[in-house]
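I have placed the structure first, in the form of structure tokens, so that the comments after it can refer back to it.
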Protein chains: 2
Amino acid sequence: MPNDIYDMYAAIFKALAHPTRLRILEILATYGEMCVCNIADKLNIDQPAVSKHLAVLKNVGIIESRKQGLTVNYKVRMPCVVNFLKCADEVLEADLKSRYSFINGKEMLR
Amino acid sequence: MPNDIYDMYAAIFKALAHPTRLRILEILATYGEMCVCNIADKLNIDQPAVSKHLAVLKNVGIIESRKQGLTVNYKVRMPCVVNFLKCADEVLEADLKSRYSFINGKEMLR
DNA sequence: TTATTATATTCCTATATTAGCATAGAGGCA
DNA sequence: TGCCTCTATGCTAATATAGGAATATAATAA
């Protein structure tokens, strides 16, 4: 094991710290296994970008890949990360919304 | 609200993506409110570094501060983030450990 | 006022990350 | 073999982040 457990956790959070990777994870959590090209289609992002983001997630163990003919299918390997995101949906959303208000149609941070 | 909810989540994960900030959060979650100097003492880090990390966490709403005389006390404002870390402790630890083994006393990644 | 303590901020440098584009590799099929 | 599709990697410029040292700010007390 790495000498510092906090480094490991930080590495996982760093992998999660990108909007595109969160979108990818949501897709994988929703649809299960999916190949790179279908993820790229769904997100309307070019394929090399998707491959690189998938590599980041895979390097820290969040997802895993399985080759099947020409395509490579990815799926979530750490179910807890999906729980993280669900927890985020439930709690953080309300929390974040409470910090913003719209005054005269203009967005304001309280 | 920011136009992209994924950017908001990514910003929160980015704030969590540093071992020192995770240590700070664990301290705050354990002891409740604590001033900058005591956090710096506990972590054996110099004060400006702690202040900067606290600012990162505060900017995304994870923690909040309260001035009390000379000191500034910080405490967790997003309990869900603490749940995140607990969830991490329970699930990720087992998950991560399962990926490592010690062969002949040497650390090996499977 | 000055001094002291606690905290925040600034500056600089080194390092890391990202996006975009081009290209390389790998597998399947004619 | 050659061609096509899917995926991964390499390169570069722009941006972001981290660490260290110095300094600025704020509150309190003498």
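Keep in mind that this is a model prediction, so the values were computed, not measured. When reading the values below, keep in mind they use all heavy atoms of this one structure, side chains included, and skip hydrogens, waters and symmetry mates. Below, read A as the first sequence line, B as the second, and so on, with proteins coming before strands; counting in each chain starts at 1.
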For this session: With rounding to the nearest 0.5 Å, note down the distance linking CD in B/Glu26 to CZ in B/Arg21.
Result: 15.5 Å

For this session: Could you point out which residue of A/Ile24, A/Leu25, A/Leu28 forms a side chain to side chain contact (heavy atoms under 4.5 Å, CB included) with A/Ile62?
Result: A/Leu25

For this session: Would you mind reading off the distance between A/Ile63 atom CD1 and D/dT7 atom P, rounded to a whole angstrom?
Result: 13 Å

Seminar exercise, completed: Whole-Å distance, B/Asp46 CG to D/dG19 C1', equals 9 Å

Exercise. So does B/Tyr74 get a side-chain nitrogen or oxygen closer than 4.0 Å to the phosphate oxygens (OP1/OP2) of C/dA6?
Worked result: no

Problem set entry | Atom pair CD1/CD of A/Ile63 and A/Glu33 - distance to nearest 0.5 Å | 11.0 Å

For this session: Please determine if a side-chain N or O atom of A/Arg21 lies less than 4.0 Å away from the OP1 or OP2 oxygen of C/dT18.
Result: yes

Exercise. Think A/His53 has a side-chain N or O under 4.0 angstrom from the OP1 or OP2 of C/dT18?
Worked result: no

Exercise. Hey, what do you get for CG (A/Leu22) to CZ (B/Phe13), rounding to the nearest 0.5 Å?
Worked result: 6.0 Å

Exercise. Can you tell me how far P of C/dA6 sits from CD1 of B/Ile45, to the nearest Å?
Worked result: 18 Å

Exercise. Mind checking what makes salt bridge (Lys or Arg N to Asp or Glu O under 4.0 Å) contact with A/Arg23, not counting sequence neighbours?
Worked result: B/Asp4

Seminar exercise, completed: The contact string for nucleotides 23-30 of chain D, one letter per nucleotide 5' to 3', using protein heavy atoms under 4.0 Å with B, S and - for base, sugar-phosphate only and none, comes out as ---BBS--

Exercise. So which of residues 33-41 of chain A are in contact with DNA chain D, with a heavy-atom cut-off of under 4.0 Å?
Worked result: A/Cys35, A/Val36, A/Cys37

Exercise. Could you give the OH-to-C1' distance, from B/Tyr6 to C/dT18, as a whole number of Å?
Worked result: 20 Å

Problem set entry | Residue whose closest nucleotide on DNA chain C lies nearer the 5' end, A/Lys14 versus B/Val50 | B/Val50

Seminar exercise, completed: Between NZ of B/Lys58 and P of C/dT7 the distance, given in whole Å, is 13 Å

For this session: Mind checking the NZ-CG spacing from B/Lys52 to B/Leu57? Nearest 0.5 Å is all I need.
Result: 14.0 Å

Exercise. Among D/dG19, D/dT9, C/dA8, which nucleotide sits nearest the side chain of A/Ser51?
Worked result: D/dT9

For this session: Report the distance from atom CG of B/Asn73 to atom P of C/dA6, rounded to the nearest whole Å.
Result: 13 Å

For this session: Nearest whole angstrom, please: distance from the C1' of C/dA19 to the NE2 of A/His18.
Result: 9 Å

Exercise. Roughly how far apart are A/Asp46 CG and A/Ser51 OG, rounded to 0.5 Å?
Worked result: 9.5 Å

Exercise. Atom NZ of A/Lys52 to atom P of C/dA24: distance rounded to whole Å?
Worked result: 16 Å

Problem set entry | Contact check, side chains of B/Ile39 and B/His53, non-hydrogen atoms, under 4.5 Å | no

Exercise. When rounded to the nearest 0.5 angstrom, what is the spacing between CD1 in A/Ile12 and CG in B/Leu16?
Worked result: 12.0 Å

